[in-house]
Amino acid sequence: MNNSSHATTLLDGLNERQREVALTTEGPVLVLAGAGTGKTRAITYRVAHLIEQGVPPGAILAVTFTNKAAGVMKDRISELLRLSGRSGSDIWVSTFHSFCARLLRREATHIGLPRDFAIYDDDAQTAAVKRALAQLDFSAEDYPPRSVRAQISRAKNHGISPDEMEAEAETSRDPDRQDAAKVFRVYNEILRKASALDFDDLLLRAVDLLRDHPDVRAAWSGRFQYLMVDEFQDTNRAQEELVRLLAGTRKNVCVVGDEDQSIYGWRGARAGNLKQFTEDFPGAKIIRLEENYRSTQTILDAAAAVVKNNTDRLGKNLQATLGAGDRLRFFEAPDSVAEAEFICGEVSPLVRGDPDFHVAVLYRTGAQSRSFEEVLRRLGIRHRVVGGFSFYERAEVRNALAYVRLLFHPEDNVALLRVLNVPPRGIGATTVAAIEARAKETGKSLWDVIGDRDFAVGKKSAGALNYFRKLIEDLQEERDSIASAQLIERVLEQTGYLDWVEQQDNMEHTSRAENLRELSNAMAEAAAQGQTLEDLLDRAALTADSDEYDETIAVSLMTLHSAKGLEFDAVFLAGLEEGVLPHSRSFNTNAEIEEERRLFYVGMTRAKRSLVLSRAVYRRTYGEDRLRASIPSRFLAEIPADLIEAAAGSQSEPGETRRYEPDPEFSEGDGYRRTRTEYGRSAYGRPSSGRSAYGNAAPGRSASAGRASSDPLVGKRVRHSKFGVGTVIEVEGDGEDRRLTVSFQDYGPKKLLERYANLQLA
């Protein structure tokens, strides 16, 4: 194509840099797009421009990270093309995982996979880990399944095999990681026998396919003349390799990203991959989008001042089109309850006065949502917790789909165990244990054990197992002769599952029955759009939290990770304390702290006009009965003083970084109520003396507290026989009662009695 051709009327609405992105179509392009700079707009116009210039829609592949973003992008492209009378229906717009699933469905035989392989979602992956632990006689208490699953996923994202993981563990003398490698190996075997892939496998097997089969690679890289990747900073090694393989000899690849929004290091994303792109594609043109259409300049300057503390950035200078705007506000509350009351009290007039005003309350961990939910309910403010159960995550929907999966792959032990006694049919835990023991002994699938005439169980259990097997076999005879929606209806009817759910006479189960009926509707709608049962199962497995965001609800509660890609008129960012944000699990390395800083940056740049930051002096953590004093987040001190002010009633200024020592009276549980009365405080106000009730403790006031901040062990790296390597973040008590709080990479913070912990310096 000719890049020098004059811009059509299609591109008239773009700014200069966005137009450059749309018109630079040949060769590798790196677009450094700051928050709110219209990167999606630039990409969609680029695709529309390519098609207007005669590129077949089917020759364009656009990849992003959420189904919602992919849907928005495709709708926008279609709308642009509709104005010129063209169609974009054949464009490939999808997430990485959806694209890989589609690729593997078509080419599965090249790598020994059946075309109808299953995709294990989070729930099924955890169930598979539990089975692997059971087969190895490992305790789920000693090896929490979700933690082990996270280790397996981390290894896959970094291209580490079970053998390599075990070898590394042997070298570092880490017996827990050696055991995790054994679980990894058995887990892979469970998936292989079930003809299933997990999310990481979708990427890895797609890369294997393209790398090891030149004819397949040539066909697919030849098919896509132009490749575009959004949110490139979130890609992991496998995704980067996939882009390189698909780019082929043309190398017409355009990647868009923001190094300051790289927040998925825990799933393999590399903060430096934007720089790496320029090395993988020498001569790549770099275009910076720096004109911000979302936030005020004050918000942008504050966010920039924080993130500039990170190292090795390409850098950019965002300029707001909205003007300077108001200063940020900071509120320091005595405890988390008061923090929630302040924030929700601020939210109330905003949303009651303007139904179109959208507010987000953001926090680092999902557990922080509870206090906000309680206050919002009390105030009668409609809200949504993003990241709650989506439709396809609901137990009843998962059960129905497990039945469907079983009809096609009865050897899938995870699916079988999910529905073997759902609805209850008299197959108890003892019988299940016997089935699993026989399967382990013989190497057979659970399905084969159930059908084995030599397998002896009690008469009642044998009858229930025979009934279950006959039920599945009867449905298998129908599966290929009826439509997918009818098949789901037959499953719900023949298994008695829908009737059983309906018989539960409470509102919760009534909604479950409605969800089951909706599943049939979803399949009918999918079929009307030319989609198959496999497509529905894939969509169910690949649905993400961020796809569930509802723009019609004014108040959204969500974690910072879930907020990425969204924007709100006002943002309240809570819990700015050391150990919360940055999270205690990030204290091990500077790279982890930098990712936490980027996470804070993402939260700040979600705000259009108003940004309020808050923290609690005392917070109840880790299920303790007493409140614990906190330290202000280091990120607060990185915001220039002229850009932020204390909100009315805040107990301190945002730049104050003093250590708050534990207050024995306050920590007893009713201290918050007592301090509000004894110190003559109006709601959230300072004491009448003007002195903070929670200022620095007098020298010698709390010996144990002083030792917690000055003990030479704080900050040291230590090794534990079970939890591995961690960092000491707090020391309490004396002598035999001395307790350590240690943040472990895979297990989070743990409180240990020093005399029993047997810690060694790492």
Side-chain angles (χ1 to χ4, degrees), residues 1-3 22 24-29 43-65 67 69-71 73-74 76-78 80-81 86-111 113 115 117 119 197 201-232 235 238-256 277 280-281 284 529-532 534-535 538-539 542:
M1 290 186 60
N2 183 7
N3 287 341
T24 308
T25 57
E26 306 305 302
V29 180
I43 295 174
T44 54
Y45 274 81
R46 188 178 199 266
V47 173
H49 174 67
L50 284 169
I51 295 173
E52 281 209 333
Q53 297 301 303
V55 177
I60 300 172
L61 171 63
V63 186
T64 187
F65 272 82
N67 294 302
M73 189 182 297
K74 190 159 190 176
R76 289 184 183 178
I77 293 169
S78 298
L80 288 173
L81 292 173
R86 295 178 181 269
S87 171
S89 59
D90 293 334
I91 303 170
W92 284 54
V93 183
S94 73
T95 65
F96 269 105
H97 291 90
S98 295
F99 170 77
C100 290
R102 195 170 174 184
L103 169 67
L104 292 172
R105 293 274 182 224
R106 299 191 181 192
E107 308 286 355
T109 55
H110 288 88
I111 53 175
L113 274 176
R115 285 192 68 255
F117 63 84
I119 300 174
L197 302 179
D201 290 332
L202 288 174
L203 303 174
L204 296 173
R205 300 303 294 275
V207 168
D208 290 344
L209 170 69
L210 295 177
R211 185 184 56 228
D212 299 340
H213 297 273
D215 54 334
V216 177
R217 179 172 70 250
W220 284 86
S221 63
R223 173 176 189 152
F224 298 119
Q225 300 174 30
Y226 295 91
L227 173 61
M228 272 155 280
V229 183
D230 196 9
E231 307 287 3
F232 191 75
T235 54
Q239 289 159 335
E240 292 167 35
E241 180 67 12
L242 192 69
V243 170
R244 286 192 286 270
L245 292 168
L246 288 172
T249 57
R250 292 190 183 90
K251 293 182 170 44
N252 290 335
V253 54
C254 174
V255 303
V256 184
F277 178 83
D280 293 337
F281 295 90
Q529 297 170 11
Q531 297 178 351
T532 66
E534 287 173 352
D535 295 329
D538 289 354
R539 189 170 75 208
L542 298 172

*side chain to side chain contact (heavy atoms under 4.5 Å, CB included) with His110: which of Leu209, Asp208, Leu104?*
Leu209

*Can you check whether Glu241's main-chain N or O pairs, donor with acceptor, with Arg211's side chain at less than 3.5 Å?*
no

*Identify the two heavy atoms, one from Thr64 and one from Ala70, that lie closest to each other, and give their separation to 0.1 Å.*
CG2-N, 3.5 Å

*What are the two closest heavy atoms between Ile91 and Val47, and how far apart are they?*
CD1-CG1, 3.8 Å

*Heavy atoms only: give me the nearest Ala59-Val55 pair and the separation to one decimal.*
CB-CG1, 4.3 Å

*side chain to side chain contact (heavy atoms under 4.5 Å, CB included), paired with Cys100, selected from Leu210, Leu203, Leu204*: Leu203

*Rounded distance [0.5 Å steps], CZ in Phe96 versus OG1 in Thr235*: 6.0 Å

*Any Thr95 side-chain heavy atom under 4.5 Å of Asn67 side chain*: yes

*Working to the nearest 0.5 Å, report the span between CG of Leu61 and CH2 of Trp220.*
9.5 Å

*For the atom pair CG (Asp230) and OG1 (Thr44), what is the distance rounded to the nearest 0.5 Å?*
10.0 Å

_Distance, nearest 0.5 Å, that separates CD1 of Ile60 from CH2 of Trp92_ = 13.5 Å

*Would you give the length of the straight line joining atom CZ of Arg105 to atom CD1 of Ile119, rounded to the nearest 0.5 angstrom?*
5.0 Å

*How about Phe281 and Arg244: do any of their side-chain heavy atoms sit closer than 4.5 Å?*
yes

*Is there a donor-acceptor contact under 3.5 Å from the side chain of Arg205 to the main chain of Ala108?*
no

*asked:* Would you say that Ile51 contacts Tyr226 through its side chain, given a criterion of any heavy-atom pair below 4.5 Å between the two side chains?
replied: no

*asked:* Is the shortest side-chain heavy-atom distance between Arg102 and Ser94 below 4.5 Å?
replied: no

*For Arg46 and Val29, what are the C-alpha separation, side-chain angles and deciding distance, and is it a side-chain contact (heavy atoms from CB on, under 4.5 Å)?*
CA-CA 12 Å; Arg46 188 178 199 266; Val29 180; 4.2 Å; yes

_I'd like to check Ile111 versus His213 (side-chain heavy atoms, cut-off strictly below 4.5 Å). Are they in contact?_
yes

*Are any non-hydrogen side-chain atoms of Leu113 and Leu197 less than 4.5 angstrom apart?*
yes

*So do Val243 and Phe232 actually touch side chain to side chain, heavy atoms under 4.5 Å?*
yes

*Atom of Met73, atom of Ala62 and distance for their closest heavy-atom approach*: SD-CB, 3.8 Å

*Rounded distance [0.5 Å steps], CD in Glu240 versus CZ in Phe277*: 10.5 Å

*Could you pull out the closest heavy-atom pair between Lys251 and Gly248, with the gap in Å?*
NZ-O, 3.4 Å

